Protein chains: 2
Amino acid sequence: MTATIDKEARQDGGELLRLDRQLCFALYSASSLVTRLYRPLLEPLGLTYPQYLVMLVLWEKAPRTVGALGEALGLDSATLTPLLKRLEAGGLVNRKRDPADERRVLIEPTAAGAALRERAKEIPKALSCQLPLSQDEIVDLHGTLTRLTRALREPEDQSAQAG
Amino acid sequence: MTATIDKEARQDGGELLRLDRQLCFALYSASSLVTRLYRPLLEPLGLTYPQYLVMLVLWEKAPRTVGALGEALGLDSATLTPLLKRLEAGGLVNRKRDPADERRVLIEPTAAGAALRERAKEIPKALSCQLPLSQDEIVDLHGTLTRLTRALREPEDQSAQAG
DNA sequence: TTAAATAAGATCGTATGCGATTTAATCGTC
DNA sequence: GACGATTAAATCGCATACGATCTTATTTAA
């Protein structure tokens with residue numbers, strides 16, 4: 001018992017509070033730095049990074065409702081509505097009420113928005129060159145993050161199984 | 001040549017543009033979801049997540065200049081100045097000009113800010129319980145992200161060796 | 001069938017983030 | 001010792017983010 005120092009006393013909880021120990025900060029930093037790499041590539045296209053994400057979703061399938069976009073990206077209408085209005089003002093998407101359900105707003109790329117896709121194709125290639133990680137590391141990292149995201153997005157699976 | 005379809009044609013560049021293929025989006029999603037886990041834990045302390053990061057840095061060493069905080073967190077004065085003013089308004093930090101160099105502003109926790117550290121100690125524990133990853137995965141992920149961050153933050157090591 | 005409940009977006013207020021500029025203080029050089 | 005260059009914060013403008021509320025349209029139920 002003499003060698004075993006009380007954990008709380010030894011660490012003072014301070015070890016756990018060190019910035020470089022926080023997974024959240026590692027995520028936060030990496031995310032903003034990678035986003036920063038996109039900026040110069042997206043600027044010629046007239047897109048911000050979140051706008052680029054919205055266009056990625058729309059290029060896959062359109063039209064989509066604001067809600068469906070939010071579902072795909074993890075954003076709500078408070079964020080998306082102004083963003084979509086800016087994309088509309090920039091001539092990249094159309095917004096129109098769904099005639100079948102006037103509550104919904106359908107978003108789809110305009111011709112200009114669709115055309116932008118061709119130029120966007122260069123971005124993933126250009127970007128992956130700048131990432132200081134091996135292919136294996138990228139695949140691994142992507143897999144871990146996807147699992148993390150999926151698990152955190154699940155609503156309430158805790159009733160019977162949890163962890 | 002019949003079986004070998006042109007790569008660009010086969011993928012249409014579209015594979016590369018799929019949202020679920022983007023490392024950036026995996027990072028972006030994971031980061032916001034994890035940040036969201038902090039919100040309910042930080043709210044009782046009266047802190048937002050970026051404010052919590054600032055306090056983590058200050059709890060390690062204080063006083064610090066605005067610039068030093070920005071260096072540690074990857075933020076600039078445009079973000080930090082208003083944030084620090086809010087922390088000051090909340091009574092958690094003091095801001096005063098460095099007498100030795102009036103350009104600098106020194107930030108340090110108040111007594112209340114220092115005391116908050118005790119309550120914050122519970123947060124990393126509470127949070128790690130909510131992460132659906134094994135210890136190994138967390139360590140691995142943290143390591144990869146740290147390397148990524150470090151590499152992306154390095155300025156220009158390309159010329160020869162810099163330093 | 002119509003009033004209550006619900007659903008989908010929009011809006012408001014507040015807090016980041018960041019590029020660009022501004023202001024004030026210090027440094028370098030002559 | 002004066003003056004231009006540099007540095008440190010602050011400020012401005014714009015674009016996310018998000019909790020809370022509001023409005024309108026649809027669905028449910030009595």
Side-chain angles (χ1 to χ4, degrees), chain A residues 24-25 28-40 42-43 45-55 63-90 92-93 95-107, chain B residues 24-25 28-29 31-40 42-43 45-55 63-71 73-90 92-93 95-107:
Chain A
C24 61
F25 178 64
Y28 170 90
S29 285
S31 179
S32 31
L33 286 169
V34 171
T35 299
R36 218 163 292 177
L37 288 181
Y38 277 87
R39 235 185 293 278
L42 291 174
E43 207 217 338
L45 307 194
L47 292 175
T48 65
Y49 178 69
Q51 289 168 6
Y52 172 65
L53 294 180
V54 167
M55 294 309 294
R64 302 229 206 187
T65 64
V66 173
L69 286 172
E71 172 76 16
L73 296 171
L75 298 173
D76 69 2
S77 71
T79 300
L80 283 174
T81 296
L83 186 157
L84 292 169
K85 284 184 178 177
R86 282 186 284 272
L87 284 179
E88 183 183 40
L92 297 178
V93 305
R95 295 165 67 239
K96 64 166 198 273
R97 290 280 166 182
D98 183 346
D101 183 341
E102 293 277 343
R103 287 174 303 181
R104 297 196 179 123
V105 170
L106 296 174
I107 314 291
Chain B
C24 61
F25 178 64
Y28 171 88
S29 285
S31 179
S32 33
L33 285 168
V34 171
T35 300
R36 217 164 293 176
L37 287 182
Y38 277 86
R39 234 185 295 277
L42 291 174
E43 206 216 337
L45 306 194
L47 292 174
T48 65
Y49 177 69
Q51 289 169 7
Y52 171 66
L53 294 180
V54 167
M55 295 307 294
R64 302 229 206 187
T65 64
V66 174
L69 286 172
E71 173 76 17
L73 297 171
L75 298 172
D76 70 2
S77 69
T79 299
L80 283 174
T81 297
L83 186 156
L84 291 168
K85 284 184 177 176
R86 282 186 285 270
L87 284 178
E88 183 184 40
L92 296 178
V93 306
R95 297 164 66 241
K96 62 166 199 272
R97 290 278 165 184
D98 182 347
D101 183 343
E102 293 277 342
R103 289 173 302 180
R104 296 196 180 123
V105 171
L106 295 174
I107 314 292

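This one's a predicted model, so the numbers in the text were calculated from it and none came from an experiment.
The distance from the OG1 atom of B:Thr79 to the CG atom of B:Leu83 is 8.0 Å, given to the nearest 0.5 Å.
In this structure, the side chain of A:Arg97 does not engage the main chain of A:Leu106 through any donor-acceptor pair within 3.5 Å. A donor-acceptor contact shorter than 3.5 Å is absent between the side chain of A:Arg39 and the backbone of A:Thr48.
Between B:Leu75 atom CG and D:dA9 atom C1' the separation is 15 Å, expressed in whole Å. Between B:Phe25 atom CZ and D:dT16 atom C1' there is a gap of 15 Å when expressed in whole angstrom units. Between the CD atom of B:Glu102 and the C1' atom of C:dC27 there is a distance of 16 Å, given to the nearest Å. Rounded to whole Å, the distance from CG on B:Leu47 to C1' on C:dT16 is 14 Å. Put simply, CD on B:Gln51 is 14 Å from C1' on D:dC18, counting in whole angstrom units. Whole-Å rounding puts the A:Arg36 CZ to C:dT16 P distance at 16 Å. Atom CG of A:Asp98 and atom P of D:dT26 are 9 Å apart (whole Å). If you measure from atom CG of B:Leu87 to atom C1' of C:dT16, you get 12 Å, rounded to the nearest angstrom.
Here the closest heavy-atom approach between residue A:Val66 and residue A:Leu80 is recorded as O-CD1, 3.6 Å. In plain terms, the two heavy atoms of B:Thr81 and B:Arg95 that are nearest each other are CG2-NH2, 4.4 Å.
Ring geometry for B:Tyr38 against B:Tyr52 counts as tilted: the plane angle lies between 30° and 60°, on a 0 to 90° scale.
In this structure B:Phe25 satisfies the ring pair (Phe, Tyr, Trp, His ring centres under 6.0 Å) test with no other residue, sequence neighbours excluded.
Sequence order on DNA chain D of the closest nucleotides to B:Ser32 and A:Ala100 puts B:Ser32 first from the 5' end.
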Revision key, fill the gap. Expected string for nucleotides 8-14 of chain C under the B/S/- scheme (protein heavy atoms, under 4.0 Å, primed atoms plus P, OP1, OP2 as sugar-phosphate) is SBBBB--
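Within the structure, every side-chain polar atom (N or O) of A:Tyr52 is placed at least 4.0 Å from both OP1 and OP2 of D:dT16. The side chain of B:Tyr38 contributes no N or O atom lying less than 4.0 Å from OP1 or OP2 of D:dC18. Contact check, B:Thr48 against C:dT16: a side-chain N or O comes under 4.0 Å of OP1 or OP2.
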